[in-house]
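Remember, predicted model here, so these are calculated numbers, not experimental data. In what follows, chains carry the letters A, B, and so on, assigned in the order in which the sequence lines appear, proteins first and then strands, with residues in each chain numbered from 1.
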Protein chains: 2
Amino acid sequence: MATMRDVAIRAGVSIATVSFVVNNTKRVAPDTRSRIIEAMNELHYQRNVVARALASHRTRIIALLYPALDHRAGPTIMKFITKAASVAQERGYDFVLWPVSNDAKQMSHLLAGGLVDGVILMEVQINDARVDKLVESNTPFALIGRTHDESLPFVDIDFSTTLEQALDYFTELGHSHIAFVSERTPNSILDDIGPLVRTASAYRDGMVARGLEQVVVYCEGSPHDGRQAARDVLAADPETTAVIVMNENAAFGVVSGFKHAGLSVPEDVSVLSIATSSEMGALSDPILSTMNAPAAELGELGVAALIDLLEGTVEHPPHVLLACPLVLGESTGPAPDSAAVKRRST
Amino acid sequence: MATMRDVAIRAGVSIATVSFVVNNTKRVAPDTRSRIIEAMNELHYQRNVVARALASHRTRIIALLYPALDHRAGPTIMKFITKAASVAQERGYDFVLWPVSNDAKQMSHLLAGGLVDGVILMEVQINDARVDKLVESNTPFALIGRTHDESLPFVDIDFSTTLEQALDYFTELGHSHIAFVSERTPNSILDDIGPLVRTASAYRDGMVARGLEQVVVYCEGSPHDGRQAARDVLAADPETTAVIVMNENAAFGVVSGFKHAGLSVPEDVSVLSIATSSEMGALSDPILSTMNAPAAELGELGVAALIDLLEGTVEHPPHVLLACPLVLGESTGPAPDSAAVKRRST
DNA sequence: CTGAAAGCGCTTACAG
DNA sequence: CTGAAAGCGCTTACAG
């Protein structure tokens, strides 16, 4: 590997001057510059990013702390990553994913090394030890999601509005028995998963505001448990005609569960999966109507926020909320005739 | 941030000695060592990995070139990543994912910087420009998948055996009309996607060996196209009773397609999705029988191979093939009565 | 068992 | 517009 020194010698200049043209950081006489560029090409010079990082106190790498260990995956997160990576690249940063568990300790180890200039945190919890560590260690970061402290900069899904729009959609179609199926919060005392807490409370508020009766069923986030959830919904209210599901895996089971109970979707019951993607919805039969997480937008805004922070060009750290747009599939439709629904319960 | 120099001063030793205890790289007198450790704790010393990398010519980082830009995701790859990361950590390496397109040029840029000691490449194609670049640039690497040059070290799924076992499974259940649905190779001239090429040819060979008639249908890798594939299968052979699907997304559509054609799964037609995961299979109704990609094993072996290579402890670079174990779901069963099947075609 | 010193390949005031 | 030089925080022969 040729070094800057090799280039300097070949071009007959100092390494400082080479550095100036490599980084485009100072005015250099045109012919000097072209001699240097020629030398660089001849030697296939590539700057050593490690040395640059050490000298400049910046690595120009940002990391997404990637909770792969929780086995979250799917098209939604891929879109997020894709967009985040391309935005980072446009702004001159490398973007890496760091597969870590949601564990503050492991994270600290990684950050301490000075390998990255800043991090993007996702799956943020309402009380999140990682965020505390980040603040305390003075590491620049951007949050996809919010903690209880909403004064920190964040970019998040607007779960309240999303759920409100789901309710609007169903009530306008004539539904009045609308159930809510959500992934159970792992720790019922702490209620730490923001998206679950926020959607559930938006559902409750929205139903109260509409004078409708609430039916909330919690289940694990798997298709198998979704099937049980469908049975639970029918047990709680046999006249249910619409279900909002807050877990893309459970949604599949909810549809199956209704079918196995002898109901058809959407003729007897409509199912709407929220905070997911059309790609996931398409795996179901009937294809699910979905409210899609704005993954690309979150990726773009998150990376932009972090880089703004790093470069000190930020005026107001962002507090952005984006709702999930509704994309119709085959799993929702008008409320069935109420007499027929009543008959169901007998 | 405290540096090694700070620690050395506080402990009253040279920075060389501090380095020896930090890296456990040389014998140090017990009380000197404990003085140093105490100083490190008091100062919350964390080694600067960038400086270490520059001085030692090793970053102790390995990267997975992650084709996120192709929007591949899913539980399979998550398991791969999880296992790979933990194996790397056990052996003292950091493991990062580098979201890149399948593009040799972008890859070179990343490698040239000297940020990683070696890389793991996945979604390897039969003719893969990235592999050529890697060889040419002398970058240590491990392959998940194979190129045409099987003398390079690799870890891959044994597609031939997997398909052979799928055929065995079906013939033992009494099926004789077994179709194969595969994702189309994007470039039909080059036929560059190893898994698709290898499974297809194993299917052909296996059917010939059994004296059975081949039905091969290609489609895009989406549920929608899978539905069409089901129709195509029935058009090609109305007496089909079993289908092997080589694309986990299309498999959902194949099931739907049969159902929409008035056939039930598995009573009329069995569907087996290969090179996927049970988690994906569980999203379907009926739950798919699957042959599961050995993701964790691939992750473990791939990382181990790379680190062995980096540390020069390798005897024989690996050439490992692992078959996909069969996990029964609800979508396969014995061949239906042949008279009934015949009636179907009229 | 410990230390002085060179060196990794850059960046960046500073001087000219 | 260009260069000499210090410095980033480590590692690693080498000497003692």
Side-chain angles (χ1 to χ4, degrees), chain A residues 1-40 43-61 92 94 111-117 310-311, chain B residues 1-40 43-61 92 94 111-117 310-311:
Chain A
M1 275 281 98
T3 70
M4 216 169 240
R5 158 169 260 271
D6 300 327
V7 175
I9 291 172
R10 183 168 199 110
V13 296
S14 74
I15 64 171
T17 307
V18 176
S19 174
F20 299 151
V21 350
V22 167
N23 297 303
N24 215 331
T25 183
K26 236 181 183 178
R27 188 168 272 309
V28 172
D31 57 325
T32 313
R33 151 172 264 112
S34 51
R35 277 214 318 285
I36 290 171
I37 288 173
E38 197 181 348
M40 285 180 10
L43 298 173
H44 298 106
Y45 173 73
Q46 296 274 167
R47 79 145 77 67
N48 180 313
V49 302
V50 173
R52 172 155 100 134
L54 182 60
S56 66
H57 306 282
R58 305 191 48 197
T59 63
R60 294 197 149 262
I61 301 174
D94 279 331
L111 295 178
L115 207 56
V116 298
D117 290 344
L310 291 174
E311 303 191 335
Chain B
M1 274 282 96
T3 71
M4 217 169 239
R5 157 169 260 271
D6 299 327
V7 175
I9 291 172
R10 182 169 200 110
V13 297
S14 75
I15 65 170
T17 307
V18 176
S19 175
F20 299 150
V21 351
V22 167
N23 297 304
N24 216 332
T25 183
K26 237 182 180 177
R27 188 168 271 311
V28 172
D31 58 326
T32 313
R33 152 172 263 112
S34 51
R35 276 213 318 285
I36 291 171
I37 288 174
E38 198 183 347
M40 286 181 7
L43 298 173
H44 298 106
Y45 173 72
Q46 297 273 167
R47 78 145 77 67
N48 180 312
V49 303
V50 173
R52 173 156 100 134
L54 182 59
S56 67
H57 307 280
R58 307 190 47 197
T59 63
R60 293 197 149 263
I61 301 174
D94 279 331
L111 295 178
L115 207 57
V116 299
D117 290 343
L310 291 174
E311 303 191 336

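- Between dG3(C) and T17(B), a contact under 4.0 Å exists linking OP1 or OP2 to a side-chain N or O.
- Side chains of V49(B) and I61(B) form no contact here, defined as non-hydrogen atoms less than 4.5 Å apart.
- Residues M4(B) and I15(B) share a closest heavy-atom pair of O-CG2, 4.0 Å.
- Inter-residue side-chain proximity for H57(A) and D117(A) is flagged as unmet; no heavy-atom pair is nearer than 4.5 Å.
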Stepwise side-chain contact (heavy atoms from CB on, under 4.5 Å) check, R33(B) with T17(B): CA-CA 9 Å; R33(B) 152 172 263 112; T17(B) 307; over 6 Å; no
In B/S/- notation, 5' to 3', how is nucleotides 9-16 of chain D contacted by protein heavy atoms closer than 4.0 Å? BBBB-B--
Note, DNA chain D 5' to 3' with Watson-Crick or G-U pairs under 3.5 Å encoded as ( ), [ ], | and . gives |||.||||||||.|||
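- Listed by residue number, the members of residues 31-39 of chain A with any heavy atom below 4.0 angstrom from DNA chain C form an empty set.
- Although no hydrogens or angles enter the test, the distance criterion places a donor-acceptor pair under 3.5 Å between the side chain of S56(B) and the main chain of R52(B).
- In this structure, D6(A) contributes its side chain and T3(A) its backbone to a donor-acceptor pair below 3.5 Å.
- Of all non-hydrogen atoms in V50(B) and G114(A), the two that sit nearest each other are CG2-O, 3.4 Å.
- G92(A) approaches R60(A) most closely through the heavy-atom pair O-NH1, 3.2 Å.
- For the pair V18(A)/R5(A), no side-chain contact is recorded, criterion being any heavy-atom separation below 4.5 Å from C-beta on.
- If you take CZ on R10(A) and CD1 on I36(A), they are separated by 13.5 Å, rounding to the nearest 0.5 Å.
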